[in-house]
Amino acid sequence: MLVIRPLQDTDLDDLYAMAQKAGKGLTTLPADRDLLQRKINLARETFNQRCAPEAGLYLFALEDTVTKKAVGISGIQARVGLDEVFYNYRLSVTVNASKELGVHVRTPTLHLSNDMTDTSEICSLLLSDEYQGGGNGLLLSRCRFMYLDEFHKHFSEKVFAEMRGVSDEQGLSPLWDALGSKFFDMEFTEADMLSGLGNKAFIAELMPKYPIYLPMLPDSARAVIGRVHGNTAPALKMLQAEGFNFNGMVDIFDGGPVVEAFVNTIRTVRDSRNRHAMVTRNAVNLDVPAAERVMVSNRSFRNFRVTTVPASCVGTDTISLSPAVAEALQIESGDPVRLAPLKDRGKWKAQRQR
Amino acid sequence: MLVIRPLQDTDLDDLYAMAQKAGKGLTTLPADRDLLQRKINLARETFNQRCAPEAGLYLFALEDTVTKKAVGISGIQARVGLDEVFYNYRLSVTVNASKELGVHVRTPTLHLSNDMTDTSEICSLLLSDEYQGGGNGLLLSRCRFMYLDEFHKHFSEKVFAEMRGVSDEQGLSPLWDALGSKFFDMEFTEADMLSGLGNKAFIAELMPKYPIYLPMLPDSARAVIGRVHGNTAPALKMLQAEGFNFNGMVDIFDGGPVVEAFVNTIRTVRDSRNRHAMVTRNAVNLDVPAAERVMVSNRSFRNFRVTTVPASCVGTDTISLSPAVAEALQIESGDPVRLAPLKDRGKWKAQRQR
Amino acid sequence: MWLVRPALLDDVNQILEIAGAAGSETARLSSTLPRQHEALAEKIEHSLASLAGKATAGGQPPRFLFVLEDTVTGRIHGTAGIDARAGNGQPFYNYRRDALIHASHELGISSRVDVLYPSHALTDHTLLCSFSITPELRNTEAFELLSRARILFIAGHRDWFAQHITVEIQGVQLADGGVPFWDSLGRHFFNMDFETADQHSGVLSRTFIAELMPPNPIYVTLLSEAAQAALGQPHELTVPNLELLQREGFQAGCYLDIFDAGPVLEARTDALHTLVTSRSKTLHGASEEGGDTCLISAGEGAGFRCTLAPVADTLEGTLKVPVSIWELLDKTAGDEVRVAPC
Amino acid sequence: MWLVRPALLDDVNQILEIAGAAGSETARLSSTLPRQHEALAEKIEHSLASLAGKATAGGQPPRFLFVLEDTVTGRIHGTAGIDARAGNGQPFYNYRRDALIHASHELGISSRVDVLYPSHALTDHTLLCSFSITPELRNTEAFELLSRARILFIAGHRDWFAQHITVEIQGVQLADGGVPFWDSLGRHFFNMDFETADQHSGVLSRTFIAELMPPNPIYVTLLSEAAQAALGQPHELTVPNLELLQREGFQAGCYLDIFDAGPVLEARTDALHTLVTSRSKTLHGASEEGGDTCLISAGEGAGFRCTLAPVADTLEGTLKVPVSIWELLDKTAGDEVRVAPC
């Protein structure tokens, strides 16, 4: 069984291994043991409410209960831009027009912006290759919406995700080549890494402060602004299905888009329902397709756990859970749980809505 | 009976009288006969599809069928910023932080923006004093959402409204005094008038192009940024009830907020239903409170007409209309009509939804 | 003989021939000279009003236009202008090139970031402009006469002009007509080719520049390489003119033309070489054509004339000049003239 | 006798007394002089390394600190510094004041809009800095000695310094310690009072300025009236120093201090009055104390000394100076000294 739970100290080795495999794409989880340990520590402080709520970093592990290994991670940053200044480009339009000459020109323009400051970010999603498919990625991602909904007072009304922008096999980014590299005398990967490590003073120091007019960039760079990396396209699609929309912000390095949604309009949140757990020994075939599964959370702040069960387990007021699932969720009969469909237009949801 | 219909040539005198009474607040409808005639002409071209769709200005009159007088007006501009450059300030945040010094400062900042360019605007709402109350203002405003919905291909996905900002009895605006007046050597009312007359070249010429840091403005000016004039508060409330939200843009002169919504999420649009007209001579008491009325439109592009009838007239597939109403809507039995509640949580809507 | 005198309305057709055929090399070098009959006639009328010391409609500051005439044939071979106040009552646009230093203490990185700031700092300086000459006269003494006659005019009417004086030198343009700086920057915002924009700037109100120019500073590093290379570089055809102006005391500063990034030269008016070295003298006859060739000017306002003549100076402050020159200058013995060495 | 010599580590405590008590008038006038023992000691060590011609850790450019010593009491009464390269390898921040002209052709309106642009244009100029003197010595010859001794040092070590030289003059500060320009602008972004920011800028890396300074140009018209009035105005206490520097040839240009908007003076190093008028001479004894009082300096690097002495010039290029002065300069007959008139 796969279960979501707070990241813990013993996950360091697994996490490091995952980060190493993931390579350069994932700047918020570089393969750096010290940094990963610091993240684990911060997550522990966060779940135990020993740090300021706005400084919280909520990191969840996906654990294979058989091997006891962490096979995935995902996270929520309570507020961005507090410790380090958070930069994006806002993709805006400059209109110049002269009636006298009958000229009307629109110039797409990038404005340096800190406007995402104080907003909650969903981040750090990583899943082991061996566990890809079968809805595991959905669980890892969507469990966060259940958490955001459950504990919405700890988060902003709106949440966002930064999507990885376009780069080639060598990790070269067309936008970086055309823009960043002219101002930062370093490699894209180095800049991205420094930024991921939380060392952002250099951005304030080196970043161009005036707007960038896009017609002055080559086609190759303009073409990738607001576009996601091929590998990230499925993640973007998933978020769009949840109701996330491009908000006009792009990454300052690779031009990847920022998508955002109001928490209360996220599909997982809207489709969530409360039930009480009923632990039963009736045999249930747990091995059903993702479309027929629902996520079940134990609604705990400190020890948030989520797993999936067949939609057929859901009753009017209760949900039938096997002892193993109950144990994984650390609940007993009668405890409140919260459900949400694992997939869009999942079976359970369809049943509920008509 | 009061009925919404396209503005027409014969409305000029009524319109001019209304504009004169309204005074300085309404910059898009100044008391200028030539300008008003030009607007009427443009509206006629628009409804007759004789101008480019994006240049369209859809103006509706509220006619008292007894006196045959126009007693109100409201409009939709198909796209802003095409003929004249459309300016707003975007209320943004600049974050400056130094780890070394433990300083973290957020500075609200106004950035000159043309980002509303190409968006549809609802505008020009004006209702005679004698007709205030009884839901007439709602009809005048909301009929536009029915039109937007019906003919959404002619408009942008998102629509917005500029709300009048704070000014005192003398028409003095605190933001203008602190900001605009330093750059425009003229009175607020003059600038506002010039802008309303469509003479906007002076804005490009005189406007400060660099961002304005709000801490440099006096408290009185900062206090009104994004706030509406007392007289406009009810209109704002109405739009918020429809699902419009402040989008971070403010008026460059008085700081009034811009609110926007996706057409398909506007309450009037979501609550609209189709019926067929059934003209009947059964006596119906037309004089019911606004909360018990529904708007009925004839769904015509060129000759769009809307009036209100009691919710009790609505049947499962049809709506019973008196011959007088049918005549006002210029429809016959069997013609398709579209309904929407006049008020939020109006009776009819409540009936339909549960 | 070559004579520089104020342009007259009768000169319009001949000037149009010089400024004329679009795309000709001459034309390219004189963007502030209109190519339309009506606009040119207006410009000449404005010049005549300015020479008469008359205020003009709209309160425009004085602008002067002179022509180079071959007195033998009566034909006109060139034009040269002065705007008393650059911008003519409106902003005069330039880019100001400045550098920011982007340095990261922690990373030990420091780089120079060149920025072009929109600037109006040269507004109301006196501006030399509208210079055009037929190609065969380049690098001749007529060329020098035409250019420097303006300084003698300024010397004789010093009160009409500002303390600082400016001249825009045409920037790099390729053989195919392409202007690298324009193609990399202005074209995107003005949505027209360089020739069109350049002509507009000479003829129209400059409102269109405020309306169409990018409102924020420009990072040089984002310009095309060709555009970067062209910053502050003169068009090769202007090199003789540039050298002449440098001898006059003009120097390139940090300002660039907004259309082609050509250098903008600046000088203190009172330090101009021709002005400093010119002297007022009393005209006398010379029996023989002796002495060094000098610039010699005379006359006020519309009566201004300037030519080249062999001049013999005397100790008494009088000037011996061939009588043929008297006629050219419309002066006679005992009249005051101004002379400057070549 | 007053002697200017390089600061030594032993001087730290005495210098702290001068720079000392926060809020004292002296202290306010020397923002680049650290008030912490350790920071000051480091600054002196850097100066000593620079005097020895040694490269320093981190490759920082040379910086020099001199003191004014009363040779009778051995007490120190003032300090004066030179940074060979303003910014010391990092950007040197100023505001550049420039005007845009906002004009509407159609409305017939034209107004001048002053803008403060962040600028690093003075980075790597040589900078005179860290000037402090005990109040009773203001307007005395010791004051002049301390300030001008630096120019003689530059004259004697010309290769170490840049072509252009700059000095920041403290701007307007009210009796209550308020700085109008800071209170209208910087305070909002740095979230600290003027004293604190000013001290940081002397001691810390200037990274914090890049991090905290508003990234866009500032419209002057939006500053408070008091701040607008303070632009480019010197603090009244600095007026004697300002006048002294103006006599040296320094002129205020368009640059302002980013914290208090005090004027930034500029000069060409080779045109500094003291440098131009100074002469290398050979030292000789004088039997009597005759002649005009002059600045006289000698010695290289750490051996640099400068004092005031009555000097009698001879036709042979030798200099008659009282023997007591020889000792002060650590020189003897036949050695080379540099002298400049007072």
Side-chain angles (χ1 to χ4, degrees), chain A residues 84-85 89-90 92-112 175-187 190-195 197-222, chain C residues 90 95 98-118 180-193 196-201 203-228 258:
Chain A
E84 298 282 355
V85 182
Y89 275 125
R90 180 189 289 283
S92 197
V93 67
T94 303
V95 181
N96 291 93
S98 169
K99 272 204 167 174
E100 197 176 3
L101 301 186
V103 173
H104 187 101
V105 179
R106 293 151 199 219
T107 306
T109 309
L110 298 177
H111 288 270
L112 198 60
L175 183 64
W176 174 264
D177 289 348
L179 182 54
S181 70
K182 312 269 188 179
F183 295 93
F184 297 81
D185 186 16
M186 59 183 91
E187 292 290 318
E190 189 189 347
D192 215 29
M193 178 66 82
L194 282 168
S195 168
L197 290 172
N199 179 350
K200 291 187 173 166
F202 81 99
I203 299 179
E205 292 168 325
L206 301 180
M207 196 75 190
K209 308 296 186 300
Y210 298 125
I212 305 296
Y213 298 112
L214 286 197
M216 297 183 64
L217 302 185
D219 291 347
S220 57
R222 277 181 289 156
Chain C
Q90 290 190 56
Y95 274 121
D98 202 347
L100 292 172
I101 295 175
H102 285 194
S104 167
H105 185 57
E106 205 164 339
L107 303 180
I109 288 172
S110 175
S111 58
R112 180 188 156 93
V113 175
D114 276 16
V115 180
L116 304 182
Y117 293 97
F181 183 72
W182 177 260
D183 290 339
S184 182
L185 179 57
R187 170 190 290 281
H188 302 305
F189 294 89
F190 287 74
N191 199 26
M192 58 186 77
D193 62 23
T196 311
D198 207 31
Q199 269 289 308
H200 285 320
S201 95
V203 180
L204 294 178
S205 81
R206 290 202 153 201
T207 295
F208 85 99
I209 300 182
E211 289 173 330
L212 297 181
M213 197 172 163
N216 277 288
I218 298 296
Y219 290 106
V220 168
T221 185
L222 299 180
L223 296 171
S224 70
E225 278 179 35
Q228 291 185 44
I258 59 165

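Here is the naming used below: chain letters follow the sequence lines, and residue numbers restart at 1 for every chain.
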I'd like to know if the side chain of C:Asn191 reaches the main chain of A:Val103, judged simply by a donor and an acceptor atom lying under 3.5 Å from each other, with no hydrogens or angles considered.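 No, C:Asn191 side chain to A:Val103 backbone: no donor-acceptor pair under 3.5 Å.
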
Quick one: does any side-chain atom of C:Tyr219 pair with a main-chain N or O of A:Tyr210 as donor and acceptor, under 3.5 Å? yes

Contact part of [X] toward chain A, heavy-atom cut-off under 4.5 Å: side chain, backbone, both or neither?
X        : result
C:Thr221 : both
C:Leu185 : side chain
C:Met213 : backbone

Tell me, out of A:Met207, A:Arg106, A:Lys182, who's got the most heavy-atom pairs with chain C below 4.5 Å.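 Highest number of heavy-atom pairs under 4.5 Å: A:Lys182.
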
Looking at A:Val95, A:Leu206, A:Val105, which makes the most heavy-atom pairs under 4.5 Å with chain C? A:Leu206

Can you name the nearest heavy-atom pair linking A:Met216 to C:Leu223, along with the distance? CE-CD2, 3.3 Å

Apply side-chain contact (heavy atoms from CB on, under 4.5 Å) to the pair C:Leu212 and A:Leu101, showing each step before the final yes or no. CA-CA 10 Å; C:Leu212 297 181; A:Leu101 301 186; 4.2 Å; yes

With only heavy atoms counted, which part of A:Phe184 is less than 4.5 Å from chain C, the side chain, the backbone, both or neither? neither

As a quick check of understanding, evaluate side-chain contact (heavy atoms from CB on, under 4.5 Å) for A:Phe183 and C:Val113, giving each step before the final call. CA-CA 8 Å; A:Phe183 295 93; C:Val113 175; 3.7 Å; yes

Using 30° and 60° as the class limits, which term best fits the ring planes of A:Tyr213 and C:Phe189: parallel, tilted or perpendicular? perpendicular

Chain A: which of C:Pro215, C:Pro214, C:Ser104 shares the most heavy-atom pairs with it under 4.5 Å?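 With the most close heavy-atom pairs to chain A, the winner is C:Ser104.
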
